[in-house]
Visitor: 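Quick one: the structure is below, and I'll ask about it shortly.
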Amino acid sequence: MATPLHFVSSKVYPRLTGGRFNTLRVAFVLVTQLIYFGLPWLNWSGQQATRFDFDSMRLYLFGLTLLPQDFIYLAAALIVAALGLFLWTMLAGRLWCGFSCPQTVYTEIMIWIERWVEGPPNQRRKRDAAPWGAEKVLRKGSTQLLMAAFSLWTGLTLVGYFTPMRELAANLGAGHIGVWEALFALGYGGFTWLLAGVLREQVCKHMCPYARFQGAMFDRDTLLVAYDEQRGEPRGARRKQHAIIPIAANLGRADKPQGACVDCGLCVQVCPTGIDIRAGLQYECIGCAACIDVCDEVMDKTGQARGLIRFSTQHAMAQQQPLPSLRQRPRALVYGGLLLAIVALSATGLALRVPFKVDILRDRAVMQRESNDGYIENVYNVRIMNTERDSRRYRLQVESAGLVRVEAPPLQVAGDSVSSFNVALVADPAVLPSGSHTVGVRIVNLDDPSQVLHEEARLLMP
């Protein structure tokens, strides 16, 4: 029967579990949040390591300054992210969702807060069903207050990626903050509280587009959390060390030995989205492996081999074969090759990138003029953008030095700034004929002669 449109899922109270995958998941939460909250405080070469400045439209990234003209690197990063998503999903399903997705990470943190204040799942379930009283108001209020405080912290940290973090912290300590900073902090913090503190698994099940189109990227060799039905069925209670116990009342299958699944239901109780992995592949499964950890514990207690629920593929499960190697996955090799190529090209481009920009524009007020010694001068406005933190000196050189010379001293530009200079190109009319000529100009960084740009200028001779 179809689910009615007004259907509302009941709240999920995931049970706490241990195990190797839970340890890995907690480690990912700690590492990702250490990076997120710590990066704005990290200085690099005297300035914030990572920051985007809206005023100058510049991205500062560990000493590297990227300008709007460097949009190609942003495009490459987006392409790498898309190809990486395709490759990762094809290989490992929704492991990203289960271990690193911000929604999963912040939901896990909110559940930790709720568990710390209100107790284990049974207590929280009873308290939610009970009428309101002083104790319920105190605990619920404390939980929401802590969640809101954490959410606001995440919002302020996000603002620190656009406004210098130390400046933002000083302003907060002085009791004032800019309007835009406050709006962004409250907006991001509010969404963090709403999505991770209130909606939680509903985002993964009903709102996340990735959950809907991931099936198009799966194949029968994609790594998934899977229940071994051949080994586990039929289910039923058993005692430790009893490998085979016939059961007479199992859908009339009295002649078949009992499966390994003891039907304890713990795999459902620990699932953060509240599904039963034994029902088969479901889009709601985020691949967190909590059911694997708890099932392994049950297998240990009943004296059976681990792996009733495990990471496997549909092919491996159906044929009871080992997982396929990457050499058997041509699509993975194609995605991987494209990723490596784009990353290599982007890294090479960044390594060879000259950290200054130059524009040479003719001074329209002075098209051409004759100097006192009879030479012809063309005047240009040279605009130099120095993206490095320290001041730099630049010299202009004409590539056809025998015909044209530059009359300009070394041009000094302060760090992370733009300066304009008037520069004259001088030519002898007895050597250079009349008309328009293309002149190659080299701009050399005198503090690092390996940094050279080549530009062109149009020289007019009468």
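In what follows, residues are counted from 1 in the order of the sequence shown.
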Visitor: Anything under 30° is parallel, anything over 60° is perpendicular, the rest tilted; go ahead and classify F184 against W180.
Guide: tilted
Visitor: Mind listing the closest non-hydrogen atom pair of G274 and V268 along with its distance?
Guide: O-CG1, 4.3 Å
Visitor: Check whether more than 12 heavy atoms from other residues, nucleotides or ligands sit under 6.0 Å from atom CD of E229, and answer yes or no.
Guide: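 Incorrect, the count does not exceed 12.
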Visitor: Report yes or no: do E456 and T438 form a side-chain donor-acceptor pair below 3.5 Å?
Guide: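 Absent: no donor and acceptor within the cut-off.
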Visitor: Applying the salt bridge (Lys or Arg N to Asp or Glu O under 4.0 Å) criterion to D296, which one of R20, R310, K301 satisfies it?
Guide: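 Exactly one option meets the salt bridge (Lys or Arg N to Asp or Glu O under 4.0 Å) with D296, and it is R20.
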Visitor: Any side-chain heavy atom of P40 sitting closer than 4.5 Å to one from T157?
Guide: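 The answer is yes; the side chains approach within 4.5 Å.
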Visitor: Count the heavy atoms belonging to other residues, nucleotides or ligands that lie under 6.0 Å from CZ of F37, then report whether that count exceeds 12.
Guide: yes
Visitor: Got a second to check how far F356's CZ is from M385's CE, nearest 0.5 Å?
Guide: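 Atom-to-atom, F356:CZ and M385:CE are 12.5 Å apart.
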Visitor: With rounding to the nearest 0.5 angstrom, report the OG1 to CG distance, T50 to L64.
Guide: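 Nearest 0.5 Å value for the OG1-CG distance: 10.5 Å.
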Visitor: Taking 4.0 angstrom as the limit, do D128 and K140 come out as a salt bridge?
Guide: yes
Visitor: Enter the distance from D53:CG to D416:CG here, rounded to the nearest 0.5 Å.
Guide: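 These two atoms lie 8.0 Å from each other.
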Visitor: Does a side-chain heavy-atom distance below 4.5 Å link P272 with E201?
Guide: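 They are not in contact (no side-chain heavy atoms under 4.5 Å apart), so the answer is no.
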Visitor: Can you confirm whether P120 sits close enough to R115 that some side-chain heavy atom of one is under 4.5 Å from a side-chain heavy atom of the other?
Guide: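 SC-SC contact between P120 and R115 ruled out.
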Visitor: For I275 and Q282, work out which heavy atoms get closest and say how close.
Guide: CB-OE1, 3.6 Å
Visitor: Between SG of C285 and CG of D276, what distance do you get to the nearest 0.5 Å?
Guide: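 Interatomic distance, C285 SG to D276 CG, rounded to 0.5 Å: 11.0 Å.
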Visitor: Is there a side-chain contact between L66 and R353 (heavy atoms, below 4.5 Å)?
Guide: yes
Visitor: Is the distance between the ring centroids of W96 and Y210 under 6.0 Å?
Guide: no
Visitor: Could you tell me if the ring centre of F52 sits under 6.0 Å from that of F54?
Guide: yes
Visitor: Which residue, R51, Q48, E181, forms the side chain to side chain donor-acceptor pair (under 3.5 Å) with T163?
Guide: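 Between T163 and the candidates, side chain to side chain donor-acceptor pair (under 3.5 Å) is satisfied uniquely by E181.
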Visitor: When you measure from the side chain of S346 to the backbone of V343, do you find a donor-acceptor pair of N or O atoms at a distance under 3.5 Å?
Guide: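 No; zero donor-acceptor contacts below 3.5 Å.
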Visitor: Tell me which one of R127, R200, R125, R139 satisfies salt bridge (Lys or Arg N to Asp or Glu O under 4.0 Å) with E114.
Guide: R200
Visitor: Taking the side chain from Q214 and the backbone from R94, do they hold a donor-acceptor pair closer than 3.5 Å?
Guide: no
Visitor: Is the CZ atom of F62 crowded by more than 12 outside heavy atoms at less than 6.0 Å?
Guide: yes
Visitor: With Y394 as reference, evaluate V358, N445, V382 under the side chain to side chain contact (heavy atoms under 4.5 Å, CB included) test and give the passing residue.
Guide: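 For Y394, the side chain to side chain contact (heavy atoms under 4.5 Å, CB included) test succeeds with only one of V358, N445, V382, which is N445.
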Visitor: Quick one: pull up CH2 in W112 and CG in L16 and give me the separation to the nearest 0.5 Å.
Guide: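 Going from CH2 on W112 over to CG on L16, the span is 10.0 Å.
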Visitor: Quick check: do Q451 and V444 have side-chain heavy atoms less than 4.5 Å from each other?
Guide: no
Visitor: Take the angle between the ring planes of Y106 and Y36 and call it parallel below 30°, perpendicular above 60°, tilted in between.
Guide: perpendicular
Visitor: Hey, is the main chain of G236 close enough, under 3.5 Å, to the side chain of Q258 for a donor-acceptor pair?
Guide: yes
Visitor: Please tell me if the side chains of L223 and L91 come closer than 4.5 Å, counting only heavy atoms from C-beta onward.
Guide: no
Visitor: Does L333 have more than 12 heavy atoms from other residues, nucleotides or ligands lying within 6.0 Å of its CG?
Guide: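 Yes, CG of L333 has more than 12 neighbouring heavy atoms, counting only those of other groups under 6.0 Å.
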Visitor: Taking the side chain as everything from C-beta on, heavy atoms only, tell me whether V413 gets closer than 4.5 Å to R383.
Guide: no
Visitor: Are any of the side-chain nitrogens in E455 or R442 under 4.0 Å away from the carboxylate oxygens of its partner?
Guide: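 No, no charged N to carboxylate O under 4.0 Å.
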Visitor: Got a donor-acceptor contact below 3.5 angstrom from the T154 side chain to the S151 backbone?
Guide: yes
Visitor: Determine whether more than 12 heavy atoms belonging to other residues, nucleotides or ligands lie under 6.0 Å from atom CH2 of W44.
Guide: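 12 or below, so no.
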Visitor: Between the side chains of D293 and R306, is the shortest nitrogen-to-carboxylate-oxygen separation below 4.0 Å, so that they form an ion pair?
Guide: no
Visitor: Roughly how far, to the nearest 0.5 Å, is OH of Y161 from CG of L168?
Guide: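 If we round to the nearest 0.5 Å, L168:CG and Y161:OH are 13.0 Å apart.
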Visitor: Hey, are the side chains of D228 and M317 touching, using non-hydrogen atoms and a 4.5 Å cut-off?
Guide: yes
